[in-house]
Amino acid sequence: MKVLVINAGSSSLKYQLIDMTTNVLMAKGQCERIGIDGGIFKHSANGKEDYTRNVNMENHAKAIELVIEALLDSEHGVISSMSEISAVGHRVLHGGEKFSGSVFIDDKVMEAIEECIELGPLHNPHNLTGIRACAKVMQGVPQVAVFDTGFHATMPKVAFMYALPYEYYEKYHIRRYGFHGTSHRYVSAKAAKFLGKDINNLKIVTCHLGNGSSIAAVKNGKCVDTSMGLTPLEGLMMGTRCGSIDPAIIPLMMEKENLSTREIDDIMNKKSGVLGITGVSSDFRDVEALWDEGNERAGLALQMFCYQITKYIGSYAAAMGGIDVLVFTAGIGENNGRLRKIICENLAFMGIILDDEKNKQRGKECDLSAENATVKTVLIPTNEELTIAIDTVEVLENLKK
Ligand code: ADP
């Protein structure tokens, strides 16, 4: 059984074709600048030469057509007929309170995802476009939606409520939802398996540190708290997002700089975080290189990032009444031993102690803890696409029952 995983954005679409009998990634790629001149299509497949095409894609349906064409291509493709694709799994950002798990997409589900647009206005419309494009180009192929918010649905009310007038929750569903759910779910389960322990008996803190970063507290296999909120803007400072700030700053900045709601939103989402502090780059590799050259603001940005993570780990240990396992994942978590070390430096009092030699490892499942650590710190590479594909198969199998 082969599953096509789709992650559709406003002007981009990423895809992976995964063989679910072997869990092998057969092909992947992305369509960039959909609906804009200068479109780029990148494709790579197992055992085939990578290729990039400059081709305009007027909409997402055209992009999906190109994906299918590439998968079928005699030179670069990996399948001989579209009928080999058994299902499509879509990453959908916001499931609101309507979805706690992955679902087969029918008209009712489409409507419900549409109703969640007010909660995820930057992503849900594009996720829907991706689903409609696949329905058009791949008629009859079953589609499944996997929500970024899904894993966090188990958070208790005490963790997900904001102390605003209660009616805003009732009227507008304003509450914490959390994101990167597929990643937190995948790495927490993998970490337990890797350590040979039962997840139902573990207190785990998972740190997904990439361009977008979030932390989750996973107690006995269930998410009990997470750093992102109603939107992915809350929590840690990130590549370009400010993370949590005093909410009173927003009206103040709007008045002082004469900003509209859209403009302030843009500043907080795209011009803040590591980019905002350094004024140069949002990429942690660039910022680290600048720090090494003596750029103080680069050093400040990275130290602020690590400091915030340290505080979250401490607070989630308190929230769960302890911590057994600390997990690092995503671009930074998997590759940056230096930042991992800074994050863990002040956590020795909780038994989180890294082994400097082991901490040099990157990009593979491994234990980073020192002999005398009482908490296991592990590196688990995330795989959101595989999780989406596994869910897709599971949802379709359950439908047959
Ligand atoms: P996204 O949230 O876009 O999926 P990633 O998880 O790929 O982001 O993380 C992007 C960040 O991770 C970048 O800031 C980058 O500096 C860092 N990163 C990614 N790969 C590496 C690597 N091989 N070595 C060091 N840093 C990396």
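Every number for a ligand or one of its atoms is a count from 1 in the order of the listing.
- For the pair C31 and M57, the tightest heavy-atom approach, listed with the atom from each and the gap, is CB-SD, 3.6 Å.
- Listed as neighbours of ligand 1 are G210, N211, G212, D283, F284, R285, A330, G331, I332, N335, R362, each bearing a heavy atom under 4.0 Å from the ligand.
- In this view, H76 and Y51 satisfy the ring-ring contact (aromatic ring centres under 6.0 Å, His included) rule, not counting sequence neighbours.
- Ring-plane geometry between H208 and H180 is classed as parallel, the angle between the planes falling under 30 degrees on a 0 to 90 degree scale with a further cut at 60.
- The aromatic ring centroids of Y162 and Y168 lie 6.0 Å or more from each other.
- Ring orientation note: the planes of Y169 and Y166 are nearly perpendicular, at an angle over 60° on the 30°/60° scale.
- In this structure, SG on C116 lies 7.0 Å from CZ on F147, to the nearest 0.5 angstrom.
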